[in-house]
Protein chains: 2
Amino acid sequence: MTTRRDAVHDILRRSAGFRSAQDVYAEMRLHGAKIGLTTVYRALQALADNGQVDVLRTDDGESVYRACASDVHHHHLVCRKCGRTVEVAGPAVERWAEAVGSEHGFTEITHTVEVFGTCASCSPSAAAGGR
Amino acid sequence: MTTRRDAVHDILRRSAGFRSAQDVYAEMRLHGAKIGLTTVYRALQALADNGQVDVLRTDDGESVYRACASDVHHHHLVCRKCGRTVEVAGPAVERWAEAVGSEHGFTEITHTVEVFGTCASCSPSAAAGGR
DNA sequence: GAGGATTTTGACAACCGTTTTCATTTTGGC
DNA sequence: GCCAAAATGAAAACGGTTGTCAAAATCCTC
């Protein structure tokens, strides 16, 4: 029985950026869905375990989730204003991480890379200028 | 009056890797210091604000702190077994992040990069093998 | 040096996101 | 229809962090 899980997955697929669990929960309630917060958390965890969504922690400790188009390893370029997210491949970074790791005798290298910026539409110079 | 803050800073300086607030607090109490958990949190925040320590979030939402040798931008290579941390510079990554960002019209690019691995002394092949 | 304002401290409570509990409901098999 | 297994969700528990507030330490002025 995965209809709730699918519903949760759908919300994420329709979203441009990362969403928090509470956020997803609120939206589902708005859409009239009868679902509990617990179930949303469980669904998100299941999806994350299946590798169907990406998870990361915000600076204030919230977990945020995103349904990613590609299931291969990739990173995110996130607009810090509007949250819009672009998936980016980074072979250069992968190689760099590997190199840095083995250079220091480390093995089984993994890495987390997130890039933040202000996207074109949110750029201050695109709107009224400054100060 | 910054003697507590200095004490906290000292703990971090003597530590090889990232430490959590509660961790630092526990150690200070062990050393006989009379300090409250609240104060440790405040000290760590102050140090982080001053850029004297680096902060990052673990996967389970805990904030961890580290006194870094260099005050210029750098990244960390962390052993997932023993927590040993090496500071690494990564001009290649900086450039990559910038490139990726501007390629998509993003400005004011920042990034977070952490590399994890198993260090030489913790490597399974260095110890008894098996399974 | 005394007196008072200001800052720092720390015990405790409040918060907030997340997880667990557990009774109820739903589902699937026979 | 009936039972067992799984899913659900309300509420409580949890854990790290932050806020509150009174007491203590410190600084400044006279």
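Values in this document were obtained by computation on a predicted structure and should not be read as measured data. Chain letters run A, B, ... following the sequence lines, proteins first and then strands; every chain starts at 1.
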Kindly say if [X] contacts the phosphate of [N], meaning a side-chain N or O under 4.0 Å from OP1 or OP2.
X: A/Tyr41; N: C/dT19; value: no
X: A/Thr39; N: D/dG9; value: yes
X: B/Gln45; N: D/dT17; value: no

inquiry  = So if I apply the side-chain contact (heavy atoms from CB on, under 4.5 Å) rule between A/Val115 and each of B/Ile109, B/Thr112, B/Thr110, which one comes out positive?
reply    =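 Testing each of B/Ile109, B/Thr112, B/Thr110 against A/Val115, the sole residue satisfying side-chain contact (heavy atoms from CB on, under 4.5 Å) is B/Ile109.
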ask   = Pick from A/Leu47, A/Leu44, A/Asn50: which one makes a side-chain contact (heavy atoms from CB on, under 4.5 Å) with A/His9?
value = A/Leu47
Atom pair distance, as rounded to whole Å: [atom1] in [X] and [atom2] in [N]:
X: B/Tyr25; N: D/dG16; atom1: OH; atom2: P; answer: 13 Å
X: A/Leu37; N: D/dC14; atom1: CG; atom2: P; answer: 18 Å
X: B/Ile35; N: D/dA25; atom1: CD1; atom2: P; answer: 15 Å
X: A/Lys34; N: C/dT26; atom1: NZ; atom2: P; answer: 10 Å
X: B/Phe18; N: D/dG16; atom1: CZ; atom2: P; answer: 19 Å
X: A/Leu47; N: D/dA7; atom1: CG; atom2: C1'; answer: 15 Å
X: A/Leu44; N: C/dT18; atom1: CG; atom2: P; answer: 9 Å

task = Please confirm whether A/Phe18 and A/His76 have ring centers closer than 6.0 angstrom.
result =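 Here the rings of A/His76 and A/Phe18 have centres that are less than 6.0 Å from each other.
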message = Determine whether the aromatic ring centres of residues A/His75 and B/His111 are separated by less than 6.0 angstrom.
response = no
task = From the options D/dA10, C/dT18, C/dG10, select the nucleotide whose nearest atom is closest to the side chain of A/Ala21.
result =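 Of the options given, the side chain of A/Ala21 lies nearest C/dT18.
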key: Minimum-distance nucleotide to A/Arg4 side chain [options: D/dA10, D/dG9, C/dG17]   = D/dG9
request  = Dot-bracket for DNA chain C, please, read 5' to 3', with Watson-Crick or G-U wobble pairs under 3.5 Å on both distances, ( ) within the strand, [ ] crossing, | other strand, . unpaired.
outcome  = ||||||||||||||||||||||||||||||
ask   = What's the verdict on side chain to side chain contact (heavy atoms under 4.5 Å, CB included) for B/Val40 and B/Gln22, showing C-alpha distance, side-chain angles and the deciding distance?
value = CA-CA 8 Å; B/Val40 172; B/Gln22 318 247 0; over 6 Å; no
request  = Is it possible for you to say whether A/Leu37 and A/Val55 belong to one hydrophobic cluster, with membership spreading through side-chain heavy-atom contacts below 4.5 Å?
outcome  =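 A/Leu37 and A/Val55: one cluster.
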query = Just by modelled atom types, is the B/Gly105 backbone N or O under 3.5 Å from a matching donor or acceptor in the B/Ser102 side chain?
reply =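 Side chain of B/Ser102 to backbone of B/Gly105, a donor-acceptor pair under 3.5 Å: no, none is there.
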message = Any side-chain to backbone donor/acceptor pair from B/Arg4 onto B/Lys34? Under 3.5 Å, distance only.
response =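 Judged by distance alone, yes, a pair lies under 3.5 Å.
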remark   = By nearest-nucleotide position on DNA chain C, the 5'-leaning member of B/Arg42 and A/Thr38 is B/Arg42
task = For DNA chain C, find the residues of residues 55-67 of chain A with a heavy-atom distance under 4.0 Å and give them by number; none if there aren't any.
result = A/Glu62, A/Ser63
request  = For residues B/Arg5 and B/Arg42, determine if any side-chain heavy atom of one lies less than 4.5 Å from a side-chain heavy atom of the other.
outcome  = no
